[in-house]
Amino acid sequence: MAQLAQVIVDVPTMQTNQPYSYQVPPELENLIQKGMRVSVPFGKGSRQVQGFVVGLDQPTDYQGELKPISALMDLQPVLNPELLELSHWLADHTYAFWISSIYTMLPNALKAKSKRLVMPTTSLPDDERQQLFGDQPMLDLATVQDQPTVVSHLLRLRRQHQVKIEYQLTDRARAKTMLAIRPVLNFEQLENERQLLKANAHAQNALLSYLETIQNKTVLQTTAEQTTGLSSAIFNTGVKKGWLEKLSVEVYRQPQSQSQLPDDHHLQKPLQLNDDQSAAVKQINHSIDQQEATTYLLEGVTGSGKTEVYLQSIAKALETGRTALMLVPEISLTPQIVNRVKARFGSTVAVLHSSLSVGERYDEWRRIERGEAKVVVGARSAIFAPLTNLGLIILDEEHESSYKQDESPRYHAREVAKWRSRYNHATLVLGSATPSLESRARAMKGVYQLLRLPHRVNKQPLPPIQVVDMREEIKQRGESNFSASLLNKLNDRLARHEQSILMLNRRGFSSFMMCRDCGQVLKCPNCDISLTMHLDSHTMKCHYCGHEEPIPYRCPNCGSREIRYYGTGTEKVERELNQLLPQARVIRMDVDTTRRKGMHEKLLRQFGQGQADILLGTQMIAKGLDFPNVTLVGVLNADTGLGLPDFRASERTFDLLSQVSGRAGRANKQGEVLIQTFNPDHYAIRYAQANDYEGFFKREMALRHQASYPPYYYTVRIMASHPDEAVAARVVTRLHQLLQKRLLPSSIILGPTPRPIARMKRRYYYQIVIKYKRDPGLHAALFDILQSTQSRGFNDVQVSIDPDPQYFM
DNA sequence: AGCACGCCGACT
DNA sequence: GTCGGCGTGCTC
């Protein structure tokens, strides 16, 4: 009996979301292992797909003939036992396909590209061959995919055996290789060769000396050329004469940002801890020593030195021979933290940067996998880093919603971190100045251990926060984005050569355009959203689907020229700053100015070096920045998030204001903060102004309790969409009925309702939100719902299930 | 996903 | 009659 393997194939659909059994050919029996990639035939024809071995020798009740595995794609498993198990849990937990969960955990390079190549057979008439193929021996089906008639013609020819299709799987996981040299002679032999040289053969003489110095080591040819100053021709001569051999060796690609290690020596040594920090480090380190899967909530005000606590805990994990994983919300926005980790731990650190190329990311991943990197820093997906022997996991800014992936698999890095913490008996540290209500509530219940850092390390008080009521301001001074008080303070900073940060949570120039004559608002043709004017590109853009069109000069509805633009974005404010403070140098930082690779770092570096007076940006500038010369933070409009139909709107506003306020007065200069708002009495703004997390927490918890929202209840969102609104509505009503039958009476079903943005990318969306405390049947019911939408009558219907949704738009 | 089969209306 | 559109079902 041949050996069997269970394989998850790269076909992400509900019907194929299960292991398929294959025969293991005898020659692979000793090589195959769980977690390896394989190439298998799947479906009609000889179509090859990539798959992952998830089991060996499990019995199958499949009645048909089992096909054999075509080939192994790896010599070693790409998923170790932990990650394989995690992928299964992840799929189950997020209602995602197993294959999607696996790919989410691996670098993109490990997803083989499949190609379909069409080739003529001898029975294809010459004239037709000439017409279809020209002089080419084959053609890639992908290149004609946009011409349906050509495709169907080719498929018909295939049925008639006039052409054949070959399936090619091309693995992109290529290690980079470089040319290297290695001496083949020993010292005496090299000396003998030297005797035979002509007196004027200086270059060859030098090469011999060099070979003697490197003995039998392998050296990259580029390195050898650089150190000796000899040309590649001389090395070729050396090969001919049998002195050395050339070979290709694997090298890691050097990401540019990676190559320069920070040389700030003061960052390399552990800093002196204050009492609060010491107490925190002591507890965390004790857990690391004891190999406890304890979760700590490290609640520290901005500037309280959380990073140093992380670093000393990482050092502890390494001392005990274990590895450490640290997540940050968005790596390009927090280069300062990353630099500190690299400075402290050097080349043992791997950074999983979101802007690494496919190859670079693969190299970093392999460095980790091979155990060459013992500390990993990265954003959300770094939680899947293939570290073994994990001793410590850190989530910095644990409240950040970017830790939740907003596409399938919709996982929260915090939940994955808990899973890995339990699996590895690793200590987990959740750090934040403004913990999520969920985490803080767990800390109150004793599920997490609460550690506090209530004081700033520089002993500076938190910056005073002034709130400006923009309603009053406009009454007295007319429409403006800048209050008198903010302008004064900005002028002040300019005079004192100090820097300011201004935040406006909206990009573009104007957020919508309206005709004064007929009231027409220009909307996106694909979405239920008004278009934003961008002067940079001279277009109207949709921020949801990317649609762009020219700026109209006449109303598209009535032809009137009376078009007005309303709402303010960062582009407009940048202009206003140039007019109001012509001497100020402004850097604007938003999605539009940082789209290009490396722009984040560049703009932040410029600001850090004092090449600008004002950093103007969207919320991306709120996190982690630490510029000692910044003494003023201004929030132009604190209300943008408050009106949203989302139970977390207040929490997010409070977090954002607290975070951005913390950017002021980081070093020895006192900072101050000014918040402009139309809702000066809103509790989120009041508590942020008072730096009162505790007060906010109590108030918000009461509201959540009253409305049965997290952390008192769990939520899950079911969303269905279809190009036809009536179909979407009908489907979601059907799902609602199915759910009602299966849920406990204690669970609350909200909806179905149209989603707040009802139409997006030409599809209509309806949603149901379930609030529940404990409902053992829910999980299975949701899976059945997904299953039910696979049947007929659900054509072109998309259903997604989001456990613990972060947004409801 | 990608393919085939089978059922319908519209053509050489 | 047959071509090709689309809905449906299956892939170890």
Side-chain angles (χ1 to χ4, degrees), chain A residues 1-25 28-29 32 34 36-73 91 96-104 111-119 128 139-170 407-408 722-724 727 731 786-799:
Chain A
M1 242 270 282
Q3 197 185 358
L4 297 187
Q6 283 68 49
V7 176
I8 289 291
V9 292
D10 183 6
V11 183
T13 67
M14 203 66 211
Q15 298 101 308
T16 52
N17 187 29
Q18 50 162 334
Y20 285 87
S21 293
Y22 283 87
Q23 292 182 55
V24 179
L28 299 182
E29 277 189 8
I32 196 164
K34 279 207 268 183
M36 282 180 170
R37 295 179 304 156
V38 289
S39 173
V40 290
F42 192 69
K44 300 287 158 59
S46 50
R47 189 161 97 95
Q48 288 290 316
V49 299
Q50 180 169 280
F52 290 82
V53 179
V54 298
L56 288 170
D57 284 325
Q58 287 157 24
T60 173
D61 50 8
Y62 182 66
Q63 296 301 304
E65 175 94 1
L66 297 184
K67 293 178 179 176
I69 287 173
S70 307
L72 297 183
M73 299 181 67
F97 306 129
W98 195 348
I99 188 69
S100 312
S101 298
I102 289 173
Y103 279 131
T104 298
K111 185 174 166 72
K113 284 251 186 283
S114 63
K115 256 191 188 177
R116 287 178 294 167
L117 299 173
V118 189
M119 295 178 214
E128 188 145 27
L139 100 107
D140 189 337
L141 246 189
T143 60
V144 294
Q145 202 68 62
D146 52 340
Q147 299 155 255
T149 51
V150 179
V151 174
S152 56
H153 182 57
L154 286 168
L155 292 178
R156 185 158 14 93
L157 288 176
R158 171 152 79 146
R159 259 169 269 137
Q160 297 159 1
H161 302 288
Q162 301 199 343
V163 300
K164 59 179 180 184
I165 295 185
E166 280 209 1
Y167 298 88
Q168 235 180 45
L169 261 194
T170 35
E407 59 188 52
S408 177
H722 193 275
D724 182 346
V727 177
V731 166
L786 275 186
Q787 201 65 250
S788 75
T789 59
Q790 293 311 121
S791 58
R792 67 201 156 291
F794 286 88
N795 247 304
D796 219 354
V797 173
Q798 286 172 11
V799 174

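Hydrogens, waters and symmetry mates are skipped; everything else that's a heavy atom, side chains included, is used. Below, read A as the first sequence line, B as the second, and so on, with proteins coming before strands; counting in each chain starts at 1. Because the structure is a prediction, the values reported are computed rather than measured.
Atom P of nucleotide dA4(B) and atom CD of Gln15(A) are separated by 18 Å, given to the nearest angstrom. Rounded to whole angstrom, the span from the CG atom of Asp10(A) across to the P atom of dC12(C) amounts to 15 Å. As a whole-Å value, the separation of Asn795(A) CG from dC6(C) C1' is 9 Å. Atom CD of Gln63(A) and atom C1' of dC12(C) are 12 Å apart (whole Å). Taking atom OH on Tyr20(A) and atom C1' on dG2(B), their separation rounds to 13 Å, with Å as the unit. Here the P atom of nucleotide dG4(C) and the CG atom of Leu155(A) are 11 Å apart, to the nearest Å. Distance CG (Asp796(A)) to P (dG7(C)): 9 Å, rounded to an integer number of Å. Put simply, CE on Met14(A) is 17 Å from P on dT11(C), counting in whole angstrom units.
For the pair Lys115(A) and Asp140(A), the minimum side-chain heavy-atom distance is below 4.5 Å. Side-chain contact between Ile32(A) and Leu56(A) is present, with heavy atoms from C-beta onward closer than 4.5 Å. Counting heavy atoms from C-beta outward, Ile165(A) and Arg158(A) have side chains that approach closer than 4.5 Å.
Which of dC12(C), dA1(B), dC3(B) sits closest to the side chain of Leu66(A) comes down to dC12(C). Relative to the side chain of Arg47(A), the nucleotides dA1(B), dG5(C), dA4(B) differ in distance, and dA1(B) lies closest.
Contact annotation: Lys67(A) reaches the phosphate of dC12(C) (side-chain N/O to OP1 or OP2, under 4.0 Å). In this model, the phosphate group of dG4(C) is approached by a side-chain N or O of Arg156(A) to a distance below 4.0 Å at OP1 or OP2. OP1 or OP2 of dC3(B) lies within a sub-4.0 Å distance of a side-chain N or O belonging to Arg116(A). Residue Tyr167(A) places at least one side-chain N or O under 4.0 Å from the OP1 or OP2 atom of dC3(B).
Look at Tyr62(A) and the base of dC12(C); the rings stack, centres closer than 5.5 Å and planes less than 30° apart. Stacking between Phe42(A) and dC12(C) is absent: the ring centroid is not both under 5.5 Å from the six-membered base ring centre and under 30° in plane angle.
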Exercise. Give the C-alpha distance, both sets of side-chain angles, the deciding distance and a yes or no for side-chain hydrogen bond (donor to acceptor under 3.5 Å, both in side chains) between Gln50(A) and Ser114(A).
Key: CA-CA 8 Å; Gln50(A) 180 169 280; Ser114(A) 63; over 6 Å; no

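Between Tyr22(A) and Tyr62(A), the ring centre distance reaches or exceeds 6.0 Å.
Heavy atoms of Phe97(A) sit nowhere under 4.0 angstrom from any nucleic acid atom. Backbone-only contact: Pro41(A) has heavy atoms under 4.0 Å from sugar-phosphate atoms and none from a base.
Mapping Phe794(A) and Ser152(A) onto DNA chain C by nearest heavy atom places Ser152(A) closer to the 5' end of the strand.
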